[in-house]
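Worksheet for the structure shown next.
Both counts, for ligands and for their atoms, begin at 1 and track the order of listing.
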Amino acid sequence: MEDLNLNNKKILIRVDFNVPIQNNHITSDMRIRASIPTIQLALKQNAKVIIMSHLGRPQEGKYQKKFSLFPVFEYLKKIFKKNKVSFSNNLDKIKIHSGELLVLENVRFNIGEKNNDIVLSKKYAALCDIFVMDAFGSAHRKESSTFGVGMFAKIACAGPLLISELKALRTALKNPRRPMIAVIGGSKISTKFKLLKSLARIADTVIVGGAIANTFLAIDYRIGQSLYEPKFIDMAKEIRNQYNILIPIDSRVGTSFSTKSPAIVKKPFEIHDNEEIMDLGDKSINNIKNIIKKSKTILWNGPLGVFEFPNFNVGTKELAQSIADSTAFSIAGGGETLSVINMFNIQDKISYISTGGGAFLEFIEGNKLPAIYMLEMVKKTLQNVM
Ligand code: 3PG
């Protein structure tokens with residue numbers, strides 16, 4: 001996008017404004033803020049700027065207020081005070097002049113969006129002279145607004161946010177400064193084991209927490225009521241034998257999943273059948289801090305315990321603080337990780353915070369993201385004609 005002349009052109013930008021909204025109020029504007037420089041770039045060049053995004057997962061063809069992007073439009077109106085900003089829920093009646101910004105209603109209300117429908121893709125493409133794919137957070141989706149539109153647009157290109165996301169991820173994953181540490185926590189075990197394997201191949205040490213760590217502990221110990229996934233124990237064993245995985249040597253356990261439960265530090269073999277691991281113990285935390293101090297690259301996804309409960313957030317808090325204090329190149333991504341970063345207010349101390357959730361994880365796993373594939377294909381076709 002930065003290489004093109006945008007003056008007076010109709011620019012359709014796919015952004016990821018899938019943000020949390022409660023009672024018409026945006027509770028985290030991180031994704032919107034990350035896209036503002038892209039919109040500004042186009043407006044400064046006096047382009048006619050149309051932006052589109054999805055929000056949540058509504059049923060296609062059916063308007064539901066709670067999935068409307070109207071609150072995002074109101075937010076943008078306040079940011080771009082000097083420009084005319086409008087909102088449209090009708091793709092057939094788009095009117096826009098140079099220097100104006102038009103926000104389209106949630107693309108997932110449109111029939112065919114999810115299935116990358118050709119008719120809808122062509123309709124989006126007809127709205128613009130240049131299509132800009134800048135929604136890294138949605139780059140793993142092969143939908144009309146992320147994929148099909150680019151195939152039919154006169155020109156399709158990558159936006160600055162998408163490019164900076166890819167650059168940051170490549171810095172961390174290809175020839176990282178070593179030692180490189182990966183941190184994987186959280187409760188979604190099934191989606192994280194593939195990621196863990198990919199990262200174990202690259203990182204010098206993988207620090208595990210949450211339910212992932214519990215699955216490693218379950219290889220050798222009975223861990224009471226703790227959340228873990230029996231079907232991944234064999235895979236955990238294989239990974240542990242092959243790679244350098246830092247498994248907790250002590251944990252904070254409780255007898256009820258609540259903010260009231262006292263947190264008791266125990267070694268794995270001391271855990272009773274009625275107890276549940278909800279956080280790391282002090283010795284494990286110290287080990288992590290020492291490793292982080294020596295690292296030069298840190299890739300972080302997921303909390304190390306039940307960070308929402310103050311009685312079980314010690315490990316996650318100490319991890320967040322160690323990463324914030326580190327001089328290593330640090331990159332963090334994923335929904336829960338962003339909540340942790342907000343909670344401990346360390347946004348400015350992380351080298352790069354990705355706007356991607358699923359896309360971030362899929363990229364690290366080594367999957368080709370459909371939107372990137374589309375941009376590469378479009379580029380190749382263009383080169384062949386020239
Ligand atoms: C996300 O929040 O990860 C992206 O916006 C993608 O949303 P989706 O999983 O509903 O496609």
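- In this structure, atom 7 (O) of ligand 1 lies nearest to the protein heavy atom His54 NE2, 3.1 Å.
- Looking only at atom types and distance, the side chain of Asn46 has no donor-acceptor partner in the side chain of Ser98 under 3.5 Å away.
- Numbered from 1 in the order shown, with element, the atoms of ligand 1 that lie under 4.0 Å from a heavy atom of Asp16 read 4 (C), 5 (O).
- The closest protein non-hydrogen atom to atom 9 (O) of ligand 1 is Arg57 NH2, 2.6 Å.
- Under the 4.0 Å criterion applied to side-chain N and carboxylate O atoms, Lys283 and Asp250 are not assigned as salt-bridge partners.
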Apply side chain to side chain contact (heavy atoms under 4.5 Å, CB included) to residues Lys65 and Tyr63 and explain how you reach the verdict. CA-CA 6 Å; Lys65 191 167 180 267; Tyr63 172 82; 3.8 Å; yes

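- A salt bridge links Asp220 to Arg240: one of the charged nitrogens lies within less than 4.0 Å of a carboxylate oxygen.
- The distance from ligand 1 to the heavy atoms of Arg108 drops below 4.0 Å at these ligand atoms: 8 (P), 10 (O), 11 (O).
- Near Asn18, meaning under 4.0 Å from any of its heavy atoms, are these atoms of ligand 1: 1 (C), 2 (O), 4 (C), 5 (O), 7 (O).
- Less than 4.0 angstrom separates some heavy atom of Gly358 from each of these atoms of ligand 1: 3 (O).
- Looking only at atom types and distance, the side chain of Glu229 has no donor-acceptor partner in the side chain of Ser190 under 3.5 Å away.
- Electrostatic pairing of Glu362 and Lys368 does not count as a salt bridge here, judged by no charged N lying under 4.0 Å from a carboxylate O.
- Ranking protein heavy atoms by distance to atom 11 (O) of ligand 1, first place goes to Arg141 NE, 2.6 Å.
- Screening Asp282, Asn313, Asp279, Asn311 against Arg252 for a side chain to side chain donor-acceptor pair (under 3.5 Å) leaves a single residue, Asp282.
- Scanning the protein heavy atoms around atom 1 (C) of ligand 1, the nearest turns out to be Arg31 NH2, 3.4 Å.
- Here is the list of ligand 1 atoms found below 4.0 Å of a heavy atom in Gly137: 4 (C), 6 (C).
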